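For reference, the structure is listed below as structure tokens.
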Amino acid sequence: MKIEEKKAILPPKSNFSEWYNELLLAGEIMDVRYPVKGLYVWFPFGFEVRKRTYAIIRELLDKDHKEAMFPLLIPETEFMKEAEHIKGFENEVYWVTRGGKNELDVKLALRPTSETAIYPMYKVWVRSHADLPIKIYQIVNTFRYETKHTRPLIRLREITSFKEAHTVHATWDEAAKQVDVAVQIYIEFYKRLAIPTIVSKRPQWDKFPGADYTMAVDTLMPDNKTLQIGTAHHLGNNFAKTFDIKYEGMNGEQEYAQQTCYGISERCIAALVSIHGDDRGLVFPPEIAPVQVVVIPVLFGKSEEIIKACREVAERLKDEGFRVALDESDERPGAKYYKWEMKGVPLRVEIGPRDLKNNAATVVRRDSGSKEIVPIDKLAEEIKKRVIDIHKSLLGKARKSMEERIFDCNTLDEVRDKISEGIARIPWCGEQECGLAMEETVGAGILGIPESELGRGYGSCPICKKETTSIAIMSKTY
RNA sequence: GGGGCCGUAGGGUAGAUUGGUCCAUCCUUCAUGCUUGGGGUGCAUGAGACCUGAGUUCAAAUCUCAGCGGCCCCA
């Protein structure tokens, strides 16, 4: 009776929306109770997850980029220079209009993205072909006045963790190559998070305002909607013209620069938490987990020996480079198991009288729940093996889960039927007119034609009936 | 863009139909003590709440309006 009354802390993951909201609180990722719509607070634990996640982005970018930082405030005069860009953002810009009691002569925008903050400086910095390429990124907050339902980590009024890179090149082709490089970096990044991705070129009507084209990285969430978790834009010389970014070529002529920009936000953490988490809480790949191994003493009466053994084990594992927590608190073991499972700790080491008698420990995996007895002197190497295996198996599981929810369709009726279960593949001739008609009919978006095998096939466009070898993917999106 | 529901301790809730029984219920949490200890130990004592503002009324957690905030559905 008592046991039945113990309710799970979280709603089941199948009830995704509720599960997600409560997990963020119970798992201490974000506090959603800040009293302004669309703004949320990072708990210290969540912030550590963020820190480790962004350390990976930095590691990948730092090979070939420089990190810098530009101002939050953008003068209206700069912000309003690029017509398409304005059109894309003007409805969601916050404006600073006063300083103290004085009206400002030139209003200041809170950056919704930083092109117009960075490019006036690029105009100054770029003089000669020898200055190129420039590859700079920053990790900053940005503001967008969202009017729809906001959601922590996914749709925010303050994006707290926007990694945006801005590159400048001499030629269009070189910039195009950089877009490819960016996409490869993102794919690699998401592999490290054990998150499967699909890369596609966004349809023209869905590209970044002011870009020649946009490449996007999407993943599939547990509620069968896709989440855009990275984009890379080829800006051509559109911004170079409006911001007058020119370089002197080998032959002395002035040329407009070619630019790209690419970004990732805290949506990467939304995906991380959502894709790996389960009914018991968070599940982290070991590289991200703030605590990788928790040591739990199982005490009976006189327990000095057990405590001592646990301390020794914890120390030894720390020396081996693991992030270790030793839970000596006064709770019962079961309560500790639940607590650390919620926190997503990949491995739990239990040591009780039974284990100690055999000079062993019980090792439990968070991802699979498997329990194994391991001799204490082999603990470090056994844990090393499992750390690698946990990452592999998380990625494998996530990939399988996504692949199982991709459906081949030949008609729009089929798409409409399947779209609530995941991603639909459907032949598309590539024409805008047909694409918009398809979106209209289905009530879902075209993500694009995937770069991978997913985007290739054979069939006829459901609107114009023209034969095509291109397959588009459609889904409900966030 | 359109529609609906909701706001009571840190979290989850009862109280609203019919305004007064409410210095507000229960579970959880937190604090202290004892107890217990291989999947949420039990007991005792204690702490903690009616979103904001205006209105109706002798009287508002309860009714009305507005603001703020949250959730859900449709396009």
Side-chain angles (χ1 to χ4, degrees), chain A residues 1-12 15-41 43-45 91-92 145-158 223-225 278-281 294-307 309-310 327-343 345 348-358 360-366 368-374 416 419-420 436-445 476-478:
Chain A
M1 190 63 185
K2 284 270 148 52
I3 290 163
E4 282 171 46
E5 281 172 7
K6 288 280 180 195
K7 276 186 299 183
I9 290 169
L10 295 175
N15 184 356
F16 178 71
S17 202
E18 239 178 273
W19 173 87
Y20 179 75
N21 283 327
E22 294 197 22
L23 176 65
L24 292 181
L25 193 62
E28 293 185 301
I29 301 293
M30 301 224 87
D31 200 323
V32 300
R33 294 170 295 184
Y34 191 76
V36 178
K37 180 184 166 73
L39 309 193
Y40 308 95
V41 176
F43 281 112
F45 183 78
N91 286 333
E92 38 190 72
Y145 180 72
E146 298 284 352
T147 52
K148 295 190 180 215
H149 47 288
T150 50
R151 231 185 252 277
L153 301 174
I154 293 177
R155 174 163 272 114
L156 308 143
R157 285 185 167 179
E158 181 188 6
D223 62 351
N224 301 332
K225 290 194 220 167
D278 64 18
D279 286 355
R280 292 184 168 196
V294 60
V295 180
I296 295 184
V298 180
L299 307 173
F300 283 99
K302 290 176 204 156
S303 44
E304 287 310 312
E305 280 183 26
I306 287 168
I307 294 274
C310 284
D327 191 344
E328 289 191 58
S329 69
D330 196 23
E331 286 163 305
R332 309 244 309 207
K336 295 181 186 177
Y337 302 162
Y338 280 101
K339 175 179 147 193
W340 291 102
E341 279 168 357
M342 177 62 74
K343 288 298 188 74
V345 177
R348 180 172 83 225
V349 173
E350 304 168 16
I351 299 176
R354 214 158 61 203
D355 304 294
L356 204 57
K357 203 171 62 187
N358 303 318
T362 306
V363 176
V364 185
R365 274 173 65 155
R366 175 67 179 89
S368 64
S370 74
K371 287 189 182 187
E372 288 160 292
I373 310 293
V374 171
R416 201 171 3 192
I419 205 89
S420 58
L436 288 173
M438 286 161 69
E439 289 190 339
E440 173 87 40
T441 310
V442 174
K476 302 235 184 205
T477 58
Y478 272 94

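Just so we're clear, the structure is a prediction, and the values are computed from it rather than from any experiment. Just so it is clear, the values below take in all heavy atoms, side chains as well, and ignore hydrogens, waters and symmetry mates.
Ion pairing between a basic and an acidic side chain is recognised when a charged N comes within 4.0 Å of a carboxylate O; A:Asp327 and A:Arg348 show no such pairing. A salt bridge links A:Lys343 with A:Glu28: at least one charged nitrogen is closer than 4.0 Å to a carboxylate oxygen.
Taking atom P in both B:U28 and B:A44, the straight-line distance is 12 Å, to the nearest Å. Across the P atoms, B:C71 and B:G11 are found 15 Å apart, a figure rounded to whole Å.
Residue A:Lys37 has its side chain nearest to B:G69 when only B:G39, B:C71, B:G69 are considered. Closest to the A:Arg280 side chain, of the nucleotides B:G37, B:G70, B:G39, is B:G39. Nearest nucleotide to the side chain of A:Arg354, out of B:G38, B:G39, B:A75: B:G38. With B:G40, B:G39, B:U36 as the candidates, the nucleotide lying closest to the side chain of A:Ile9 is B:G40.
Residue A:Lys148 is classed as a base contact, given a heavy-atom separation below 4.0 Å to a base. Using a 4.0 Å heavy-atom criterion, one finds that A:Gly38 contacts the sugar-phosphate atoms exclusively. Across all strands, A:Glu341 comes closer than 4.0 Å to base atoms (heavy-atom distances). Heavy atoms of A:Glu331 sit under 4.0 angstrom from at least one base atom. At a threshold of 4.0 angstrom between heavy atoms, the contacts of A:Ser17 are confined to the sugar-phosphate backbone, with no base atom among them.
For the atom pair OG1 of A:Thr147 and CZ of A:Arg157, the computed distance is 7.5 Å after rounding to the nearest 0.5 Å.
For B:U41, the OP1/OP2 oxygens have a side-chain nitrogen or oxygen of A:Arg332 closer than 4.0 Å.
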> Which letter, B, S or -, goes with each nucleotide of nucleotides 2-11 of chain B from 5' to 3', with contact meaning a protein heavy atom under 4.0 Å?
Replying inline: --------SS
> When Watson-Crick pairs (N1 to N3 and N6-O4 or O6-N4) and G-U wobble pairs (N1-O2 and O6-N3) count only below 3.5 Å on both distances, what is the dot-bracket string of RNA chain B, with | for other-strand pairs?
Replying inline: (((((((..(((.......[.....)))((((((.......))))))...(((((..]....)))))))))))).
